[in-house]
Amino acid sequence: MWRSILLYKGEEFALTISPAPVEYNGFEKEEVTINGNSGFYTASELFGTSIHWTEDDYQYILLSKVSKEMTIEIAESFRWSESLFGIGKS
């Protein structure tokens, strides 16, 4: 698992990458598509907004305190970089 705090357009967000699959139960989810990959959006007062999506063998979780639209924009701007994350992508 890899976790980091990053900045995008001056907004702070947390990105977690872990091996897929990851199961989530017990909260409301809205289906979304991130760069052609299935995922879901959820929001809570405690954690803010989050986008969860799977690409290849990894599950991505993006947490932020911004709007749903901005969180999706951030998720869609993400591009894998092995040199940035220090872990290989299968």
Side-chain angles (χ1 to χ4, degrees):
M1 179 184 296
W2 183 88
R3 200 174 284 167
S4 186
I5 303 296
L6 305 170
L7 290 175
Y8 179 83
K9 293 186 177 180
E11 298 291 339
E12 188 176 279
F13 64 95
L15 178 65
T16 300
I17 305 171
S18 62
V22 176
E23 287 197 32
Y24 299 91
N25 299 305
F27 56 91
E28 292 185 35
K29 300 182 267 187
E30 179 183 331
E31 299 298 316
V32 297
T33 301
I34 304 297
N35 297 325
N37 300 292
S38 296
F40 67 89
Y41 163 84
T42 188
S44 75
E45 288 186 29
L46 181 61
F47 296 111
T49 59
S50 65
I51 298 287
H52 304 245
W53 77 99
T54 301
E55 184 175 334
D56 298 325
D57 294 330
Y58 292 94
Q59 172 79 27
Y60 299 84
I61 305 165
L62 180 68
L63 299 170
S64 70
K65 298 286 185 182
V66 297
S67 69
K68 172 186 168 187
E69 293 76 20
M70 178 66 107
T71 304
I72 290 172
E73 180 181 327
I74 294 166
E76 289 181 334
S77 74
F78 175 76
R79 298 293 178 264
W80 183 267
S81 172
E82 191 169 320
S83 62
L84 175 64
F85 299 110
I87 55 178
K89 184 176 181 185
S90 46

Using side-chain heavy atoms (C-beta onward) and a distance below 4.5 Å, is [X] in contact with [Y]?
X: Thr54; Y: Asn37; answer: no
X: His52; Y: Thr42; answer: yes
X: Trp53; Y: Ile51; answer: yes

Verdict with supporting geometry, Lys68 and Glu30, side-chain contact (heavy atoms from CB on, under 4.5 Å): CA-CA 11 Å; Lys68 172 186 168 187; Glu30 179 183 331; 2.3 Å; yes

Using a cut-off of 6.0 Å, state whether more than 12 heavy atoms not belonging to Glu28 lie near its atom CD. no

Would you compute the distance between atom [atom1] of [X] and atom [atom2] of [Y] and round it to the nearest 0.5 angstrom?
X: Ile34; Y: Glu76; atom1: CD1; atom2: CD; result: 5.0 Å
X: Glu69; Y: Ile74; atom1: CD; atom2: CD1; result: 11.5 Å
X: Thr16; Y: Leu63; atom1: OG1; atom2: CG; result: 6.5 Å

Looking at Thr49 and Ala43, would you say the former's side chain and the latter's main chain have a donor-acceptor pair under 3.5 Å? no

Nearest heavy atoms of Phe13 and Ser64, plus distance in Å: CB-CB, 3.9 Å

